[in-house]
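Written below as structure tokens is the structure these notes are about.
In this text, all values refer to a predicted model and were calculated from it rather than measured experimentally. Position 1 is the first residue of the sequence; numbering continues from there.
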Amino acid sequence: MTVAKETIRCPFCREPIASGATRCKHCHADLSEHKKKRSFVARYNTFRIGFLTGVLFCLILILLIYFQFYGGN
Ligand SMILES: [Zn+2]
């Protein structure tokens with residue numbers, strides 16, 4: 001009995017490898033690059049949200065410091 005594993009061909013050495021593999025077991029080529037391109041927009045959106053949150057947090061912090069120094073007088 002053989003396990004029906006979904007296999008794809010390595011784009012570098014054309015050897016059959018597991019479809020979810022991130023590294024070819026035959027030529028050790030990094031296959032994660034193809035996945036990165038597919039989820040680039042999702043990664044960019046996550047980065048942008050994190051960046052905007054950071055900027056917003058810094059602005060609030062600057063305002064708080066500003067009012068701490070100049071609000072009292
Ligand atoms: Zn390969």
Side-chain angles (χ1 to χ4, degrees):
M1 187 181 166
T2 48
V3 181
K5 242 183 187 176
E6 208 177 316
T7 53
I8 52 155
R9 289 219 174 248
C10 173
F12 301 100
C13 67
R14 311 303 297 168
E15 289 287 336
I17 47 157
S19 61
T22 51
R23 187 171 285 269
C24 177
K25 63 178 178 179
H26 302 283
C27 69
H28 304 285
D30 187 22
L31 305 168
S32 56
E33 281 294 311
H34 302 276
K35 285 181 182 174
K36 270 181 200 164
K37 275 175 191 167
R38 213 190 301 157
S39 61
F40 176 75
V41 178
R43 275 166 186 264
Y44 178 71
N45 281 337
T46 309
F47 169 77
R48 199 169 58 178
I49 288 161
F51 179 76
L52 283 171
T53 309
V55 167
L56 213 71
F57 184 75
C58 282
L59 277 171
I60 289 164
L61 211 71
I62 287 162
L63 277 170
L64 277 171
I65 290 162
Y66 180 83
F67 283 113
Q68 199 75 30
F69 276 97
Y70 300 101
N73 292 320

*Do Ile17 and Ile8 touch side chain to side chain, with heavy atoms closer than 4.5 Å?*
yes
*Check Lys25 against Pro16 and note the closest heavy-atom contact, atom names and distance.*
CE-O, 4.2 Å
*Any idea how Tyr66 and Tyr70 line up, ring-wise: parallel (<30°), tilted (30 to 60°), or perpendicular (>60°)?*
tilted
*Can you tell me how far the CG atom of Leu63 sits from the SG atom of Cys58, to the nearest 0.5 Å?*
11.5 Å
*Just by modelled atom types, is the Arg14 backbone N or O under 3.5 Å from a matching donor or acceptor in the Arg9 side chain?*
yes
_Donor-acceptor check, side chain of Arg23 to backbone of Asp30, threshold 3.5 angstrom: yes or no?_
no
*CG-CG distance between Leu59 and Leu52, expressed to the nearest 0.5 angstrom*: 10.5 Å
*Going from NE2 on His26 to SG on Cys13, what distance comes out if it is rounded to the nearest 0.5 angstrom?*
6.0 Å
*asked:* Side chains of Phe47 and Arg43, heavy atoms from C-beta outward: is any pair under 4.5 Å?
replied: no
*With Thr53 as reference, evaluate Ile49, Leu56, Val55 under the side-chain contact (heavy atoms from CB on, under 4.5 Å) test and give the passing residue.*
Ile49
*asked:* Within the 4.5 Å heavy-atom criterion, are Cys24 and Leu31 side-chain neighbours or not?
replied: yes
